[in-house]
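A, B, ... follow the sequence lines: proteins, then strands. Residue 1 opens every chain.
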Number of protein chains: 2
Amino acid sequence: MYICIKLISMNSFTEENYLKAIYKLLEKESVVTTNAIAEKMNTKAASVTDMLKKLADKKFINYQKYQGVSLTAKGEKIALNIIRKHRLWEMFLVEKLNFKWDEVHDVAEQLEHIDSDKLIAQIDHFLNFPKFDPHGDPIPDANGKFHIQKSQLLSELKKNSACIMTGVVDHSPAFLQYLDQAAIGLGDEIKIKDIVSFDKSLQISVNKKNSLFISNEVAKNILVIIK
Amino acid sequence: MYICIKLISMNSFTEENYLKAIYKLLEKESVVTTNAIAEKMNTKAASVTDMLKKLADKKFINYQKYQGVSLTAKGEKIALNIIRKHRLWEMFLVEKLNFKWDEVHDVAEQLEHIDSDKLIAQIDHFLNFPKFDPHGDPIPDANGKFHIQKSQLLSELKKNSACIMTGVVDHSPAFLQYLDQAAIGLGDEIKIKDIVSFDKSLQISVNKKNSLFISNEVAKNILVIIK
DNA sequence: ATAAAAATTTAGACTAGTCTAAAAAATAAT
DNA sequence: ATTATTTTTTAGACTAGTCTAAATTTTTAT
């Protein structure tokens, strides 16, 4: 007769952060190097090598000396779960606790490591199962799957098209603050009233009300899905 | 010309947990021993001694070999802040995320270490500045002060008195589940309709509606403030 | 194809926190 | 008042994660 206690090897915060960093680097480059990880983690290459060995031992990554790394299915699942938690917490902070877009990141970095399936399921429910975080990045489901309607740049749309804002390309505080001032936010309905041929700037309406001009440069940094 | 960055020595989770444990032991006993701390922290006396030296170096505790410990003002402030965060998170979990009284503790143990003044201020606000957590324990304010109207046992009140439930003495799941079944909860208005002379059991009404009998034993474990 | 440069890994050391086993101090018992 | 017992501390070792400096491998340039 055995008693089964919750052992389910709790991963350390550090391991989780490495896996997340590797996942994000893999989104941009097909091969992830030790130096790239070191830079992302604000640490030294030697420390990264040590950790890579440990993660490989645990079968979270595929690693051979000098050859870079990739995630195993197991490792990717953990990374996606951290990303899911991070984005749900960001959404919670903005939607329920009056945080600004540009204030949430550091706190979410801490909250993403809280270990409770029930907690994150309830937060998801409380937020009414959002598909995007406050920066427009997609939120994976509990199984690590994305349900994405592909976004495109506002600058690519034709005159008179209507769309919903889902995110931004430039995440800098400067840009996010500009959007706040212009009262353009996630989930807003944007309609292109006119495209100025001179400089490709757009005349748009937001939520069928306030009409304004935005530069092409701005439009290139706003992600939308067509309505 | 100096630049001042946020250094404000971030305390480790472990240090915070030791200070919290010491605070709680000081509530019951005037002198706190190494062994008592070891038991509370699920660790060994030798480990405690090591940590006590470190905490004393940082001026969080008063410590002399073999003589037990007490908290300095600095240490108490940190402990109270952790307790404040723990209790506010518990309240949040119960009030907003449908957690049961007896499910919140482990998650709150993690959340209490999240480091963000704005976050906890907003949670406090979101909960409408509660004075007690779901177990009826008082929540200190941001300065570590309690604003307590002294609670007393329901069993001590006279016939026809009305009161508000603020807490319990027995925190066991068995008792909390009984209260759930009986639909007696924090903040409920309890009126004593009758006291049975035979066994001192009480006939009460809860929130002016459901009337029921509770044993004297139960009444001895319910904390209330007189209305 | 081979030398130079860059990237990566190893070796060895450090801190935080923990442990066991042994020594020292305090308390209790005769 | 002098043992015996209990409590506490020290000594030394271990793990996770980090670092610097040196060695090794890969890549780039000639």
Side-chain angles (χ1 to χ4, degrees), chain A residues 7-22 25-26 28-70 75 78-79 82 109-110 112-113 115, chain B residues 7-22 25-26 28-70 75 78-79 82 109-110 112-113 115:
Chain A
L7 277 174
I8 307 165
S9 71
M10 168 58 167
N11 311 302
S12 72
F13 287 18
T14 311
E15 281 174 8
E16 291 181 346
N17 284 333
Y18 270 94
L19 292 173
K20 185 179 63 159
I22 294 167
L25 289 167
L26 279 169
K28 307 226 160 177
E29 312 281 343
S30 59
V31 56
V32 170
T33 67
T34 302
N35 267 357
I37 298 169
E39 191 181 359
K40 189 137 209 159
M41 296 288 299
N42 275 309
T43 185
K44 296 299 158 72
S47 311
V48 173
T49 301
D50 290 343
M51 181 56 83
L52 293 182
K53 284 183 200 159
K54 194 188 304 179
L55 294 174
D57 283 348
K58 294 194 177 183
K59 311 277 188 226
F60 294 154
I61 62 172
N62 306 115
Y63 169 61
Q64 279 166 224
K65 281 205 225 178
Y66 298 100
Q67 300 315 135
V69 298
S70 61
I78 295 169
I82 299 298
E109 288 281 297
Q110 296 180 59
E112 70 188 8
H113 300 291
D115 177 36
Chain B
L7 277 174
I8 308 166
S9 70
M10 167 59 166
N11 312 302
S12 71
F13 287 18
T14 312
E15 282 174 6
E16 291 182 346
N17 283 334
Y18 269 94
L19 292 172
K20 184 178 63 158
I22 294 167
L25 289 167
L26 280 168
K28 306 225 162 179
E29 313 282 342
S30 58
V31 55
V32 170
T33 67
T34 302
N35 266 357
I37 298 169
E39 192 180 0
K40 190 136 208 160
M41 296 289 299
N42 276 310
T43 185
K44 296 299 159 71
S47 311
V48 173
T49 301
D50 290 343
M51 181 56 83
L52 293 183
K53 284 183 200 160
K54 193 187 305 178
L55 294 174
D57 283 349
K58 294 194 178 182
K59 311 278 188 225
F60 294 154
I61 62 172
N62 305 115
Y63 169 59
Q64 280 166 224
K65 281 207 226 177
Y66 298 102
Q67 300 314 135
V69 297
S70 62
I78 295 169
I82 299 298
E109 288 281 298
Q110 297 179 61
E112 70 190 7
H113 300 291
D115 178 35

J.: Atom CG of A:L52 and atom CZ of A:F60: how far apart are they, to the nearest 0.5 Å?
T.: 13.5 Å
J.: Taking it one step at a time, do B:L19 and B:I61 satisfy side-chain contact (heavy atoms from CB on, under 4.5 Å)?
T.: CA-CA 8 Å; B:L19 292 172; B:I61 62 172; 4.0 Å; yes
J.: What is the nucleic acid contact for A:S47, judged by heavy atoms within less than 4.0 Å: base, sugar-phosphate only, or nothing?
T.: base
J.: Starting from C1' on C:dA16, measure out to CG on B:N17 and report it in whole angstrom.
T.: 14 Å
J.: Return the set of residues passing side chain to side chain donor-acceptor pair (under 3.5 Å) with A:E39 (not counting sequence neighbours), or none when no residue passes.
T.: none
J.: For B:T43 and C:dC19, is the shortest distance between a side-chain N/O and OP1 or OP2 below 4.0 Å?
T.: yes
J.: I need a per-nucleotide contact map over nucleotides 8-14 of chain D, read 5' to 3'. Cutoff is protein heavy atoms under 4.0 Å; write B for the base, S for backbone only, - otherwise.
T.: BBB----
J.: Looking only at heavy atoms, what is the nearest atom pair of A:V32 and A:I22, with distance?
T.: CG2-O, 4.2 Å
J.: What is the distance, rounded to the nearest whole Å, between atom CG of B:D57 and atom P of C:dA16?
T.: 11 Å
J.: Which residue is it: A:V69, A:D57, A:L55? I am looking for the one with a side chain to side chain contact (heavy atoms under 4.5 Å, CB included) to A:Y63.
T.: A:V69
J.: Separation of A:N42 atom CG from D:dT18 atom P, in whole Å?
T.: 11 Å
J.: Strictly below 4.0 Å: does A:S12 bring a side-chain N or O up to OP1 or OP2 of D:dA16?
T.: no
J.: Using a cut-off of strictly less than 4.0 Å, decide whether B:K44 has a side-chain nitrogen or oxygen near OP1 or OP2 of C:dT20.
T.: yes
J.: Would you kindly give the CD-to-P distance between A:E15 and D:dT18, to the nearest whole Å?
T.: 10 Å
J.: Roughly, in whole Å, what's the span from CE in A:M51 to P in C:dT10?
T.: 16 Å
J.: How far does CG of A:D115 sit from CZ of A:F13, to the nearest 0.5 angstrom?
T.: 9.0 Å
